[in-house]
Amino acid sequence: MAIITEQNSITDILKYQPMRCDTHFKHNIILASDFFSNPDIDWVSLGSILNNVRNGMNVNTEYYSMEETDYHYLSVSQIKEYGLSNKNQNFLTEYVTELPSYFELEKNTLLITRSGTIGVAISTDHASFNMDNKHYIASGFVITAELKNNISSATIANYINMFPVQRYLIAMSAGACQKNISQPVIANLPIPSILLKPGNHCENIFSEYEETSKKILDAIAINEVKLENLKEATSKKIINQLVKEYS
C-alpha cells in the first residue's frame, strides 16, 4: 500500500459522515484542531505504514496462573504513556500457547488501548519490556500492529501519546458508557510525514522524554515503598496502643 500524503489533515476529519455534533466530539476535536489544521505539515495516514493490525487475545480464566510465569497478559490499565506498569499484572500458563488464536508480541510492535482508557500507546521496544526473557500477550482491548519499512514503533507510540493526538482519538471514540475506538479510527489517524524519516529531530525529544520519565518513575517507586513502610509502622503503633488502652 502506498503512503498517501495530504497537505492539511483537517480534510481527513471531514470524511466522517455524517459529521457528529455531540458535545463529546466537539469539545475534544476543538482541543485537537489547532495541531491537525496546520497547513504547513504534510500528513500521512497511520494505516498506510502499519502491517498486521489486529486486536489482542481474549483469554479464558482457565489459562490464568495464580503464580508468576513468563507469560504476561497485558491489560489496558498496564499500558501507560511513560511505560509498562507492573501493577495488577495477570500471568498465563504455558498452555495458552496451544490456543489456535495464540500470538505473542514481537519487537518493534505498536500497542494502542482501544477501550476504557483509550488512545494510549506504547512500543514493545520500550525499556519497560523484557522481550528477551518474557512472553507478552495483549488483551482483547488492545490494538496491536507491526510497522512497515523498519519505521520506529517507539516514535509512533510517543506521537500518539501527544495531547492533541489523544484528544483526536477521544473525539473519534464511540459508546455511551465506556468509550472505545476501532481499527479504522487508528488507520485514519493523520501523522506528520517527517516522523517517518529516520534520524529526525523529534526522535531525540522523545528519547529525552523517556529518559526523564524513567527517572521520575524510579523516584515514585522509592517513595511508594516508603509509604508502604510508613503504613505498616503506623498500623503496628495503633495496634500496640489499642492493646494498652484495653489492657
Side-chain angles (χ1 to χ4, degrees), residues 50-147 153-154 156-158 160-161 166 169-170 173-183 185-186 210 213-214 216-229 231-232:
L50 299 181
N51 271 334
N52 202 18
V53 182
R54 51 182 168 173
N55 295 341
M57 293 180 59
N58 293 314
V59 179
N60 294 332
T61 55
E62 63 183 288
Y63 293 99
Y64 282 47
S65 173
M66 297 297 292
E67 306 294 332
E68 182 174 338
T69 72
D70 290 336
Y71 294 86
H72 292 230
Y73 190 45
L74 303 183
S75 64
V76 168
S77 64
Q78 292 177 275
I79 297 174
K80 306 293 184 183
E81 291 91 337
Y82 44 75
L84 194 64
S85 171
N86 292 323
K87 293 183 177 178
N88 303 315
Q89 174 65 64
N90 288 315
F91 298 96
L92 302 175
T93 67
E94 62 181 6
Y95 297 108
V96 70
T97 60
E98 299 176 359
L99 291 173
S101 60
Y102 177 79
F103 75 96
E104 61 184 71
L105 303 175
E106 299 180 354
K107 293 181 179 180
N108 198 34
T109 299
L110 177 68
L111 310 182
I112 307 171
T113 58
R114 70 178 185 88
S115 184
T117 305
I118 61 174
V120 179
I122 193 171
S123 163
T124 55
D125 287 350
H126 192 275
S128 56
F129 282 82
N130 182 359
M131 298 297 290
D132 293 330
N133 300 308
K134 306 294 182 182
H135 306 273
Y136 295 96
I137 298 93
S139 72
F141 294 114
V142 178
I143 295 173
T144 75
E146 300 168 5
L147 277 294
S153 60
I156 305 303
N158 282 316
I160 292 173
N161 290 330
Q166 288 193 331
L169 291 175
I170 291 172
S173 64
C177 297
Q178 181 165 302
K179 298 296 182 182
N180 60 83
I181 52 177
S182 62
Q183 292 182 16
V185 169
I186 295 300
E210 290 187 5
S213 62
K214 185 180 185 305
I216 295 173
L217 287 174
D218 290 342
I220 290 174
I222 292 172
N223 284 302
E224 284 183 338
V225 172
K226 291 180 179 179
L227 284 173
E228 284 298 317
N229 292 338
K231 178 181 177 181
E232 184 177 356

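Scope of the values below: all heavy atoms of this structure, side chains included, with no hydrogens, waters or symmetry mates. Everything numeric here is computed off the predicted structure, so don't read it as measured data. Along the sequence shown, the residues carry numbers beginning at 1.
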- Message: Check this for me: Asn51, atom CG, are more than 12 non-hydrogen atoms of other residues, nucleotides or ligands nearer than 6.0 Å?
- Response: yes
- Supply the atom-to-atom distance Ile112 CD1 to Gln183 CD, rounded to the nearest 0.5 angstrom. 10.0 Å
- Message: I'd like to know if the side chain of Arg114 and the backbone of Gly140 have a donor-acceptor N/O pair within less than 3.5 Å.
- Response: yes
- Query: Rounded to the nearest 0.5 Å, what separation is found between the OH atom of Tyr82 and the CD1 atom of Ile216?
  - Reply: 11.0 Å
- Task: Pick out which of Thr124, Leu50, Thr144 makes a side chain to side chain contact (heavy atoms under 4.5 Å, CB included) with Leu110.
- Result: Leu50
- Roughly how far apart are Thr97 OG1 and Leu99 CG, rounded to 0.5 Å? 8.0 Å
- Between Thr69 and Glu94, a side-chain donor and acceptor under 3.5 Å: no
- Query: For the residue pair Asn180 and Ile118, what are the closest heavy atoms and their distance?
  - Reply: CA-CG2, 4.0 Å
- Message: With heavy-atom distances below 4.5 Å as the criterion, would you say the side chains of Asn52 and Phe103 are in contact?
- Response: no
- Query: Can you tell me how far CG of Leu92 sits from OH of Tyr64, rounded to the nearest 0.5 angstrom?
  - Reply: 7.0 Å
- Query: At their closest point, which heavy atom of Leu147 faces which heavy atom of Ala145, and how far apart are they?
  - Reply: CD2-O, 4.1 Å
- On a heavy-atom basis, the closest approach of Ala157 and Ser123 is CB-N, 3.8 Å
- CD on Glu68 to CD on Gln89, rounded to 0.5 Å: 8.5 Å
- Message: Taking side chain to side chain contact (heavy atoms under 4.5 Å, CB included) as the criterion, tell me which of Phe91, Tyr71, Tyr102, Tyr95 meets it with Tyr63.
- Response: Tyr95
- Query: Which atom pair, heavy atoms only, marks the closest approach of Gln178 to Ser115?
  - Reply: NE2-OG, 2.7 Å
- Take atom CZ of Phe141 as the centre, draw a 6.0 Å sphere, and report whether it contains more than 12 heavy atoms from other residues, nucleotides or ligands. no
- Shortest non-hydrogen contact from Ser128 to Ile122? OG-CD1, 4.0 Å
- Message: Would you say that Asn161 contacts Gln166 through its side chain, given a criterion of any heavy-atom pair below 4.5 Å between the two side chains?
- Response: yes
- Query: Backbone N or O of His135 within a donor-acceptor pair of the Asp70 side chain at under 3.5 Å?
  - Reply: no
- Query: Do Leu111 and Leu105 have side-chain heavy atoms sitting under 4.5 Å apart?
  - Reply: yes
- Going through the distances and angles, do Ser139 and Asn90 end up as a side chain to side chain contact (heavy atoms under 4.5 Å, CB included)? CA-CA 10 Å; Ser139 72; Asn90 288 315; over 6 Å; no
- Task: Decide side chain to side chain contact (heavy atoms under 4.5 Å, CB included) for His72 and Gln78; before the verdict, give the C-alpha distance in whole Å, the side-chain angles of both, and the deciding distance to 0.1 Å.
- Result: CA-CA 11 Å; His72 292 230; Gln78 292 177 275; over 6 Å; no
- Correct closest heavy-atom pair for Glu210 and Ala154 would be OE2-CB, 4.4 Å
- Message: Could you measure the distance from the OG1 atom of Thr113 to the CG atom of Leu74? Nearest 0.5 Å is fine.
- Response: 12.0 Å
- Starting from the C-alpha separation in whole Å, work towards a yes-or-no answer on side chain to side chain contact (heavy atoms under 4.5 Å, CB included) for Lys107 and Asp125. CA-CA 6 Å; Lys107 293 181 179 180; Asp125 287 350; 3.7 Å; yes
- Evaluate the side chain to side chain contact (heavy atoms under 4.5 Å, CB included) criterion for residues Lys226 and Asn223: first the C-alpha distance (whole Å), next the side-chain angles of each, then the deciding distance (0.1 Å), finally the verdict. CA-CA 5 Å; Lys226 291 180 179 179; Asn223 284 302; 3.9 Å; yes
- Query: Can you find a heavy atom in the side chain of Val96 that is under 4.5 Å from one in the side chain of Tyr73?
  - Reply: no
- Query: Ile160 versus Ile156: any side-chain heavy-atom pair under 4.5 Å?
  - Reply: yes
- Message: Would you say that more than 12 heavy atoms from the other residues, nucleotides or ligands in this model lie under 6.0 Å from the CG of Asn86, or not?
- Response: no
